[in-house]
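Sequence lines set the chain letters: A, B, ... in the order given, protein chains first and strands last, and positions in each chain run from 1. As the structure is a prediction and not an experimental result, all values here were calculated from the model.
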Amino acid sequence: MKSQDIRTQFLKFFKSKDHSVVASAPMVIKDDPTLMFTNAGMNQFKEYFLGNGTPSDTRITDTQKCLRVSGKHNDLEEVGKDTYHHTMFEMLGNWSFGDYFKKEAITWAWELLTEVYKIDKEILYVSVFEGNEAEGLPLDKEAFDLWKQIVPDERIILGNKKDNFWEMGDQGPCGPSSEIHVDLRSAEEKAKMPGRDLVNQDHPLVVEIWNLVFIQFNRKADGSLEKLPQQHVDTGMGFERLCMVLQGVKSNYDTDVFTPLIKEIQNITSSTYGKDQETDIAIRVIADHVRAVAFAIADGQLPGSTGAGYVIRRILRRAIRYGFTFLNQKEPFVYKLVATLSKQMGEAFPELVSQKNLCENVIREEENSFLRTLDQGLVLLDEIIKESADKKVSGKKAFELYDTYGFPIDLTALILQEKGFSLDQEEFEKELQKQKDRSRNASKMISGDWQIVSDGETEGFVGYDSLEAEVKILRYRKTESKKEGELYQMVFDKTPFYPEGGGQVGDRGVLESTDGEVVYIIDTRKENNLIIHLAKSLPKNPSATFKAVVNVAQRARTAANHSATHLLHQGLRSVLGTHVEQKGSMVQSDYLRFDFSHFSKVSSEELQQIEHFVNKKISERLPLVENREMTYQEAINDGAIALFGEKYGDKVRAVKFGDSMELCGGTHVGNTADIWHFKIISEGAVASGIRRIEAITNEAAKEYFTGQTETFSELKAILKNAKDPVKAVVNLQEENAELKKQVESLLKDKAKNLKTELKYEIKEINGTNFLARKVDLDAGGIKDLSFQLGDEFENLFLLFATEQNGKALLSCYISKNLVEEKDLHAGKVVKELGKFIQGGGGGQPFYATAGGKNPDGIVEALKKAEEYLQ
RNA sequence: GGGGGAUUAGCUCAGUUGGCUAGAGCGUUUGGCUGGCAGCCAAAAGGUCAUCGGUUCGACUCCGAUAUUCUCCA
């Protein structure tokens, strides 16, 4: 069975069991501080498990693109070494939200595997949670009894808390799980050792394929468990592994999910898969990683140096590194695989097709820059090798190479090994740990349990229509971090405060109680669909009713910027073309920032046209038309612009100004006229194929123009109201350059004159040409003069003195031959003579300077100079 | 967000513990030689040593801040 069909069959099966099929959520997560990437099928439903939202359907099924780079079995550095771990993978799942529970979940899973996919029952094992005394949890008898009716006893395995009790994190929903494992070993192998002994033992051919989680508890901050009012089912089946089973191969990489990529890698790199272990690992690494990176970029996550972007960069660089070392790829090549990938998976994931060009460009650029880094690292490593005499390289040196110059440690180790050098790996790890601790401390956040003030569901955001509301606090908690200090997070029963999202900053404002107490809300954020208000303090009586008031001025300016962003987006598409797609957006009260796909610099003419386009829309006084109750499909059919990598609910909000229509949750002006004016203040690149425009509107634009006008008036005033100020400045610059040259040549003349003058003053003492006198030159001039005289006279001893800003300066020049013959040292001379001017100094044997604060001593110092030649 | 590094001629980079008027290669210009695929020889021009401040007799070099950039960690 082809992988395409395996996927379709799964969804079809659960559809027949009354599940509704939903699309995969984006791989990159935006509103959950504890998670960067979707790492399991349940992530997009987390809010339902937490009780922060209600699903449209109680039975749901999907295939979810997931990314794992860390965790108990998923160290990035291990991917590719075996045949069954991946960074990016698909998770097939079915869910029940307070609907069916263990019975249906177990029977259906078995039905699908054995009757639809027709997997031999003899190779399947199931596991059940054995209970845990410390937690006070008994054996999951319900699941055990259910399995007993289907599977013989010897195929049921009892699993411990580590394997069979699933938790979302330190806190939150959790419960026992039941896993289905498959034994793909040969009959011979099976005879040697029963499959049940290999379950959960990391055997490549005895693997878990499906995990059925029965969510029935909530883990609190103090570690205790609490029974949930509603019970849920959360299942996840690894798609690639399922394909392996159904296609009768022994490795995920031998399924048709990977074979097209592997074939292409062999083509491009002229290598062969299946002959040599190192080559095989490299090919697997590249095949796996290009998937992760391409999917992430298609979801709008570019490689970068922070957060999720950094993870993507690391994955891509690992692929490049393996290609570099084991497949001898010294030029970008990973990007060439995108075409194959998008052809192969584009049907199930259309974003891969529409974002193909961008993926290729971004990956190629990243490859180029990393290859440069590698080149530089190789040179540096060479130097380190040359410097280490005892064939040992310290961990500290290796760490510096890694930390500062980004040179991969395993490459360092490999090269050293080839040259017969050893590396102190332990010391390296120690340095790395130090760095990790530093970073962790800097971003540590402790959050307490939610304190429930009053029960009830929250209505959520009501701030589209009003900026004030009577609210009650539902719950609050205290958080502490180094960055922000102590903060209180509060959830209201409804709120006019817009939470940060869609690029728009969170609202600020106040919470007023009836007795006049005021608590400042410093930011509003969204976590798992819950709107959280941040404050430095808590009201005295949290159970009272408050008036929540949004900072009107800030909101108005932000709204102007957000609406302008939409017009800008439209303007860009109109001026540059419809290939322009939003790649990032930031809307603040003082400016807006918009990143978009476009492959060349936006010229100043184009920028002007774009500005003009937006300002025309502003002057057309277009009213805001919004529709909050559309379905996604209706909106798209109406021509609304939706964004890749954005998660949309069943009901979307469409925001329309004239012909501009976007799906958007942000706040906007009632009429484009409220934007006043739009001004682009910068344009530049953020990555290959991505440009960034920064712009201002409203009062900021006004201030900008006022400031510019003021500067210009001042400038004009300085230029005596010249008719053409630009020309006047150019003239000034030219004149200035001319004058500089003249001054320079005059100074040269002066020095020349002085030099000729001084030549006659030089007298001979004991065969040495000697001159000591005061001159009217600065330190540089004296030096210059000394060396010029030095060129013309042999056996020269010079002592110049000058007075500058009330300070005295001495300088001594001694011809090199004199230094040797007479054992003179200019440094010593100025140091000794420096006493007369109450100062000190030094320098080299042939030229030295000294400074002091007593110019009256100059005469004495000059007199004494002669003594050095006696 | 935290740490480390880098910033020197148009480009790629040297510059040892602060001190000889900041160098090289490529490129540019000029002159001469030469029938070639980086032609040869000679000469010249080109530098606020990222910016600002500090220490010092003296800072490209040391210290602090800023900007830009690379990189690791979270």
Please determine, by modelled atom types, if A:Q433 and A:D437 share a side-chain donor-acceptor pair under 3.5 angstrom.
yes
Does the distance from a Lys or Arg side-chain N to an Asp or Glu carboxylate O, for A:E77 and A:R321, drop under 4.0 Å?
yes
Any donor-acceptor pair under 3.5 Å linking the side-chain atoms of A:Q435 with those of A:D403?
yes
Is the distance between the ring centroids of A:F324 and A:F370 less than 6.0 Å?
no
How close or far is atom C1' of B:G58 from atom CG of A:L810, stated in whole angstroms?
13 Å
Can you tell me whether the side chain of A:Q435 and the base of B:G2 have a donor-acceptor pair closer than 3.5 Å?
yes
What is the nucleic acid contact for A:S811, judged by heavy atoms within less than 4.0 Å: base, sugar-phosphate only, or nothing?
nothing
Rounded to whole Å, CZ of A:R438 lies from C1' of B:C72 at a distance of 10 Å
Rounded distance in Å - NE2 (A:H825) to C1' (B:C57):
15 Å
Distance between the C1' atoms of B:G53 and B:A42, in whole angstroms?
46 Å
Under a 3.5 Å limit for both distances, which nucleotide forms a Watson-Crick or G-U wobble pair with B:G1, could you say?
B:C73
P gap between B:C57 and B:A24, integer Å
33 Å
Charged tip of A:K679 within 45° of A:Y704 ring normal and under 6.0 Å
no
Before accepting this row, confirm whether a basic side-chain N of the pair A:K536/A:E486 lies closer than 4.0 Å to the acidic partner's carboxylate O.
no
Check ion pair A:K526-A:E500 (N to O, under 4.0 angstrom):
no
What class does the angle between the rings of A:F787 and A:Y847 fall in, given that below 30° is parallel, 30 to 60° is tilted and above 60° is perpendicular?
tilted
Roughly how many Å apart are B:A59 and B:U71, using the C1' atom of each and rounding to a whole number?
28 Å
Paired to B:G58 by Watson-Crick or G-U wobble criteria (both distances under 3.5 Å) is none
Mind checking if A:G307 touches a base, just sugar-phosphate, or nothing, with heavy atoms under 4.0 Å?
base
For the pair made of CD in A:E77 and C1' in B:C72, what is the distance, rounded to whole Å?
14 Å
Using the C1' atom as the point on both nucleotides, what is the distance between B:G46 and B:G1, in whole Å?
43 Å
Can a side chain N or O of A:T373 be found less than 4.0 Å away from OP1 or OP2 on B:U71?
yes
Whole-Å distance, A:F399 CZ to B:C72 C1', equals 7 Å
What nucleic acid atoms does A:G406 come within less than 4.0 Å of, heavy atoms only: base, sugar-phosphate, or nothing?
sugar-phosphate
Write down the partner of B:A65 under the Watson-Crick or G-U wobble criteria, each distance required to be under 3.5 Å.
B:U51
Between B:G3 (P) and A:E400 (CD): distance, integer Å:
17 Å
Please figure out whether A:S305 or A:T849 has its closest RNA chain B nucleotide nearer the 5' end.
A:T849
Testing the 3.5 Å rule here: is there a donor-acceptor pair between the side chains of A:D507 and A:T524?
no
Separation of the C1' atoms in B:G54 and B:G18, to the nearest angstrom:
15 Å
Partner nucleotide of B:C20 by Watson-Crick or wobble geometry (both distances under 3.5 Å):
none
Note: for A:L432 and A:G843 on RNA chain B, the residue whose nearest nucleotide lies more 5' is A:G843
Under 3.5 Å, is there an N or O donor on one side and an acceptor on the other linking the side chain of A:D403 and the base of B:G5?
no
B:A9 and B:A22: how far apart are their P atoms, nearest whole angstrom?
14 Å
For B:A42, what is the paired nucleotide under Watson-Crick or G-U wobble rules, both distances under 3.5 Å?
B:U30
Selection from B:C72, B:G2, B:G5 that lies nearest to any side-chain heavy atom of A:T404
B:G5
Under 4.0 angstrom, heavy atoms only, what part of the nucleic acid is A:G839 near: base, sugar-phosphate, or nothing?
nothing
With the criterion being N/O to N/O and under 3.5 Å, what pairs connect the protein with nucleotides 20-25 of chain B, and how long is each?
unit_1: B:C20; atom_1: O5'; unit_2: A:Q844; atom_2: NE2; d: 3.4
unit_1: B:C20; atom_1: O4'; unit_2: A:Q844; atom_2: NE2; d: 3.3
unit_1: B:C20; atom_1: O2; unit_2: A:K816; atom_2: NZ; d: 2.9
unit_1: B:U21; atom_1: O2; unit_2: A:D784; atom_2: OD1; d: 2.8

Using the P atom as the point on both nucleotides, what is the distance between B:C72 and B:A43, in whole Å?
46 Å
Pairwise C1' distance, B:U48 and B:A44 [rounded to whole Å]:
23 Å
Strictly by Watson-Crick or wobble contacts shorter than 3.5 Å, is anything paired with B:A9, and which nucleotide is it?
none
Do the side-chain N and O atoms of A:Y335 and A:E365 include a donor-acceptor pair separated by under 3.5 angstrom?
no
Rounded to the nearest angstrom, tell me the gap between atom NZ in A:K828 and atom C1' in B:C57.
18 Å
Any side-chain N or O of A:R317 under 4.0 Å from OP1/OP2 of B:U71?
yes
Nearest-Å distance for atom pair CZ/P, residues A:R313 and B:U69:
13 Å
